[in-house]
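Down below is the structure, laid out as structure tokens.
Only this structure's heavy atoms are used, side chains among them; waters, hydrogens and symmetry mates stay out. What you see is a predicted model, and the numbers here were worked out from it, not measured in a lab. Counting starts at 1 for both ligands and their atoms, in listed order.
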Amino acid sequence: MSDSRHETVTPFPHLMRPLRIGGIELPNRTVMGSMHTGLEDRHRDAGRLGAFYAERARGGVGLIVTGGIAPSATGKLQPLAGTLTSRGDVAAHRRVTDAVHAAGGLIAVQLLHAGRYGVTPLKTAPGTEPSPIHPFRHIRLNAPLIRHEIAAFGRAAARAVAAGYDAVEIMGGEGYLINQFLCPRTNDRTDDWGGGPANRRRFLLEVVSAIRGRVPADFPVILRQSVADLVEGGQTFEEIAETARACARLGVDAINTDIGWHESRVPTIVTSVPRAAFVDFTENLRDVVDLPLIAANRINTPEVAEEILARGRVDAVALARPLLADPHFVAKAAAGSPERINTCIGCNQACLDHAFSGKPVSCLVNPRAGRETTLRLTRARRPVRVAVVGAGPAGMAAAVSAAECGHRVDLFEASGHLGGQFALAAEIPGKEEFAETLRYFTVRLEETGVNVHLNRRVAAGDLADHDHVLLATGVRPRVPDIEGVDHPSVCTYADVLSGRVEPAGTVAVLGAGGIGFDVTEWLTTKESPTLDLAAWEREWGVSRDPDNPGFVTEPVPDAPARRVTMLQRTEGKMGRRLGKTTGWVHRAAVRAKGVEQISGVTYRFIDDAGVHVTLSDGSAHTVAADTVVLCTGQVSERALVEPLERLGVPVTVIGGADVAAELDAKRAIRQGTEAAAAIDDRVRVPVH
Ligand code: FAD
Ligand code: NAP
Ligand code: SF4
């Protein structure tokens with residue numbers, strides 16, 4: 001396909017150009033980066049995994065890379081992790097590759113040996129240093145075991161060919177086994193496999209040779225290479241460059257670049273990381289090797305991808321979570337309608353947080369991800385008139401989904417804008433991405449023909465003509481029963497984030513859940529570092545010095561915009577219930593701003609002096625505060641439930657209106673989608 005043809009039909013000409021990697025040609029410059037979905041591990045899930053990938057292949061992605069598959073029993077991420085070590089494995093993998101090929105796609109298997117990152121007692125690693133973030137001590141590899149692991153990579157690659165894969169990717173980054181060999185941090189060996197860079201590189205080079213020796217000459221071998229370890233004791237640029245050169249000489253066909261280790265104290269993929277933050281690290285390899293280079297991490301829109309590719313120093317972009325969020329990302333970009341893309345907001349809530357908790361992976365903004373065969377929005381047999389009340393995440397998802405099923409939908413919203421509490425979330429520094437979800441729903445509501453009525457606070461009587469009501473009236477901030485809570489210094493998080501109140505002087509934040517942390521970041525931040533790469537790198541201590549092994553340095557956060565004290569009644573460390581993969585980032589960000597945190601308090605009263613509390617040791621203490629911000633949870637807004645019940649209108653209560661406790665947008669959007677899919681003119685859905 002010629003370049004000029006693409007240029008006439010797409011605003012993303014560089015993104016849509018074909019790319020050759022070894023013996024295959026990708027129809028465009030997108031690669032679905034490896035992502036563990038939880039469906040790789042058991043043979044019985046092969047059909048679901050095939051359906052998941054096939055949907056992405058239909059959506060136009062150039063090449064899919066599977067989640068990490070262990071080449072040996074000792075390389076597993078966890079005891080039941082997926083492998084390519086037997087004929088039975090080959091048959092299961094064949095079901096996946098067949099599904100992708102039937103959908104017109106290409107698929108590579110990623111061979112991943114977890115090394116000391118395995119959560120299994122059988123794990124092996126090159127050095128003595130244990131994993132700081134995983135249980136079990138590893139077995140230190142001796143020379144015969146090293147040979148065994150190298151041969152296992154070769155055998156697994158041969159099985160990948162037999163299973164119908166179009167390419168193999170060697171996981172050489174993220175702190176897994178190969179990366180552990182490469183870095184002094186984890187390789188303290190004194191034999192042929194450790195010491196200087198050449199010895200530390202030997203394991204990877206022998207793996208590449210073993211694989212090349214077992215696959216056809218034109219079968220593409222891709223290296224996932226760490227180009228910034230972001231840990232102390234990592235590799236310098238020259239070490240990385242020499243590894244790339246040596247791999248190119250041995251027949252690697254492309255380098256898919258990788259950033260950071262799981263134990264890095266620099267965030268690499270959460271929403272507060274600036275878009276395309278690490279592309280320069282990939283670009284640096286342009287002058288080193290003449291192989292296709294693939295850039296990854298926080299590339300979540302076609303505009304960003306196009307800009308990177310147009311610079312001409314990178315050949316393709318890896319999109320992992322963006323294709324969970326929207327399997328048709330590439331097709332929509334190709335069609336010139338990027339505004340229709342459901343953008344990944346980098347929240348990790350339904351993908352990585354699930355993966356690290358052993359739950360099947362899905363997506364906050366797209367609950368159908370991973371449930372392609374079970375959560376379907378099929379045309380209703382007899383469309384009905386549906387009222388959705390409340391245009392927060394639950395209501396927007398419900399309205400769009402009901403309309404997709406063919407129902408006639410009215411969406412009523414009391415305020416003058418869409419989004420509910422989620423629109424407040426988008427005000428938090430580092431959560432700017434959340435505005436993309438509001439843009440997506442705005443476009444979809446229009447496309448699906450939903451009648452949106454803003455500034456319409458409805459009463460039950462307004463809904464009598466509808467056949468079904470989806471009640472998504474959400475939550476309001478909880479005002480706790482503390483003496484003086486009506487003092488003029490007191491306001492809610494909603495007052496602050498909506499701009500109704502400008503917090504003055506020193507501030508006390510009551511409540512340290514997700515909103516307490518977010519509001520504290522808002523209060524202490526002058527300019528969001530997410531929008532300024534240099535500021536963000538200073539805040540997290542990223543070094544650009546090529547001689548710095550690991551590219552990490554001392555963080556230098558900006559001075560706080562306000563003096564803030566956080567308070568909670570519960571004893572112990574704050575923020576323990578924050579997201580598994582994101583909580584540490586919030587805790588570190590607040591710590592860096594010098595925020596005082598006091599746990600285990602009993603609130604006594606609030607007055608001109610501030611918040612008077614009893615500390616856990618029984619002593620009285622006054623937290624000086626000119627402004628007191630309540631982040632003390634939320635209560636459901638359910639005023640319409642009973643009146644609708646009395647009217648006899650069928651109602652399904654969803655999102656925060658259903659249950660306020662542990663509410664998040666993930667549940668709200670999932671419930672909204674499921675409730676819409678379940679509307680059926682034959683069944684009267686019971687009132688909750
Ligand atoms: P809401 O968002 O409360 O929406 C309800 C809507 O109903 C409102 O727009 C309201 O005006 C409207 N309404 C009420 N009564 C009526 C009526 N009678 N007629 C018409 N309209 C009515 N969640 C996450 O998952 N991840 C996060 O990182 C995250 N961060 C957050 C940060 C902040 C600062 C805040 C405030 C929230 C955050 N949340 C986050 C929570 C998330 O926004 C909520 O869980 C979600 O918005 C709840 O959705 P909902 O649709 O149930 O209700
Ligand atoms: P939350 O996590 O339940 O926290 C509420 C806080 O208020 C707690 O710290 C609690 O602490 C305190 N509190 C509760 N009742 C109180 C009372 N009667 N008096 C005084 N203090 C009280 O809820 P949230 O922070 O409001 O967040 C709401 C939802 O939004 C959460 O469920 C969360 O999932 C979602 N959210 C998610 C993120 C994210 O990054 N994933 C970010 C923001 C919000 P003590 O009881 O110890 O005082
Ligand atoms: Fe992206 Fe959040 Fe969806 Fe994960 S859950 S794919 S981070 S939007």
NZ/NE/NH1/NH2 to OD/OE distance under 4.0 Å, [X] and [Y]:
| X | Y | value |
| --- | --- | --- |
| Arg224 | Asp258 | yes |
| Arg275 | Glu436 | yes |
| Arg340 | Asp326 | no |
| Glu339 | Arg444 | no |
| Arg562 | Glu502 | yes |
| Arg667 | Glu674 | no |
| Arg500 | Asp495 | yes |

Checklist entry - Is atom 40 (C) of ligand 1 less than 4.0 angstrom from some protein heavy atom? => result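 For atom 40 (C) of ligand 1 the answer is no, since every protein heavy atom stays at 4.0 Å or beyond.
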
Checklist entry - Is the shortest distance from atom 26 (N) of ligand 1 to a protein heavy atom below 4.0 Å? => result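 Neighbour list for atom 26 (N) of ligand 1 includes protein heavy atoms (cut-off 4.0 Å).
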
Next on the checklist: Looking only at distances, can you tell me whether any N or O atom of Phe422, backbone or side chain, sits closer than 3.5 Å to an N or O atom of ligand 1?
Outcome noted: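 Yes, since at least one N or O of Phe422 sits under 3.5 Å from an N or O of ligand 1.
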
Item to check | Polar proximity ligand 1 side, Leu497 side, N/O cut 3.5 Å exclusive | outcome: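 N/O-N/O distance below 3.5 Å does not exist for this pair.
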
So, does [X] sit close enough to ligand 2 that a heavy atom of it is under 4.0 Å from the ligand?
| X | result |
| --- | --- |
| Phe517 | no |
| Glu571 | no |
| Gly579 | no |
| Thr582 | no |
| Leu663 | yes |

For [atom], what is the nearest protein heavy atom, given as residue, atom name and distance?
| atom | result |
| --- | --- |
| atom 51 (O) of ligand 1 | Ala394 N, 3.0 Å |
| atom 11 (O) of ligand 1 | Glu413 OE2, 2.7 Å |
| atom 7 (O) of ligand 1 | Gly390 CA, 3.2 Å |
| atom 2 (O) of ligand 1 | Gln421 N, 2.8 Å |
| atom 53 (O) of ligand 1 | Gly474 CA, 3.2 Å |
| atom 21 (N) of ligand 1 | Ala414 N, 3.0 Å |
| atom 48 (C) of ligand 1 | Leu663 CD2, 3.7 Å |
| atom 29 (C) of ligand 1 | Lys431 NZ, 3.7 Å |

Any donor-acceptor pair under 3.5 Å from [X] side chain to [Y] backbone:
| X | Y | result |
| --- | --- | --- |
| Thr30 | Gly62 | yes |
| Glu645 | Pro643 | no |
| Arg321 | Cys351 | no |

Next on the checklist: If we only consider heavy atoms of Arg456, is any one of them less than 4.0 Å away from an atom in ligand 1?
Outcome noted: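 True for this residue.
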
Using a 4.0 Å heavy-atom cut-off, which part of [X] comes near ligand 2: side chain, backbone, both, or neither?
| X | answer |
| --- | --- |
| Arg569 | both |
| Arg478 | side chain |
| Ala425 | neither |
| Met574 | neither |

Going by the closest heavy atom to [atom], which one wins out of [options]?
| atom | options | result |
| --- | --- | --- |
| atom 5 (C) of ligand 1 | Ala425, Gly655, Gly395, Ala472 | Ala472 |
| atom 47 (O) of ligand 1 | Pro477, Pro393, Gly579, Gly420 | Pro393 |
| atom 40 (O) of ligand 2 | Lys431, Glu662, Gln634 | Lys431 |
| atom 45 (O) of ligand 1 | Asp664, Val388, Asp462, Thr473 | Asp664 |
| atom 4 (O) of ligand 1 | Gly516, Gly392, Ala398 | Gly392 |
| atom 19 (N) of ligand 1 | Ile654, Leu364, Val458 | Val458 |
| atom 42 (C) of ligand 1 | Ala665, Gly656, Ala668 | Ala665 |

Checklist entry - Could an N or O of ligand 2 be found under 3.5 Å from any N or O of Thr570, whether backbone or side chain? => result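 Min N/O separation from ligand 2 is below 3.5 Å for Thr570.
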
Item to check | Backbone or side-chain N or O of Pro480 under 3.5 Å from ligand 2 N or O | outcome: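 For ligand 2, there is no N or O atom that lies under 3.5 Å from one belonging to Pro480.
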
For the residue pair [X] and [Y], establish whether any side-chain heavy-atom pair is separated by less than 4.5 Å.
| X | Y | value |
| --- | --- | --- |
| Thr614 | His621 | no |
| Met396 | Phe422 | no |
| Val629 | Thr627 | yes |
| Gln634 | Ile515 | yes |
| Thr37 | Leu49 | yes |

Which atoms of ligand 2 sit under 4.0 Å from any heavy atom of [X]?
| X | result |
| --- | --- |
| Gln568 | 47 (O), 48 (O) |
| Gln349 | 41 (N) |
| Ala512 | 9 (O) |
| Tyr603 | 20 (C) |

Checklist entry - Sorted by chain and residue number, which protein N/O/S atoms are under 2.8 Å from atom 3 (Fe) of ligand 3? => result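 Listed by chain and number: Cys363 SG.
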
Checklist entry - For ligand 3, which atoms sit closer than 4.0 Å to a heavy atom of Gly346? => result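 Counting from 1, the qualifying ligand atoms are 1 (Fe), 7 (S).
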
Item to check | Neighbour count >12 (heavy atoms, 6.0 Å) for atom CD, Glu642 | outcome: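 12 or below, so no.
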
Next on the checklist: Between Phe412 and His453, is the ring centroid distance below 6.0 Å?
Outcome noted: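 Close enough - the centres of the two rings lie under 6.0 Å apart.
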
Next on the checklist: Check for me whether the distance between the ring centres of Phe356 and His36 falls short of 6.0 Å.
Outcome noted: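 Aromatic pair excluded; centres sit 6.0 Å or further apart.
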
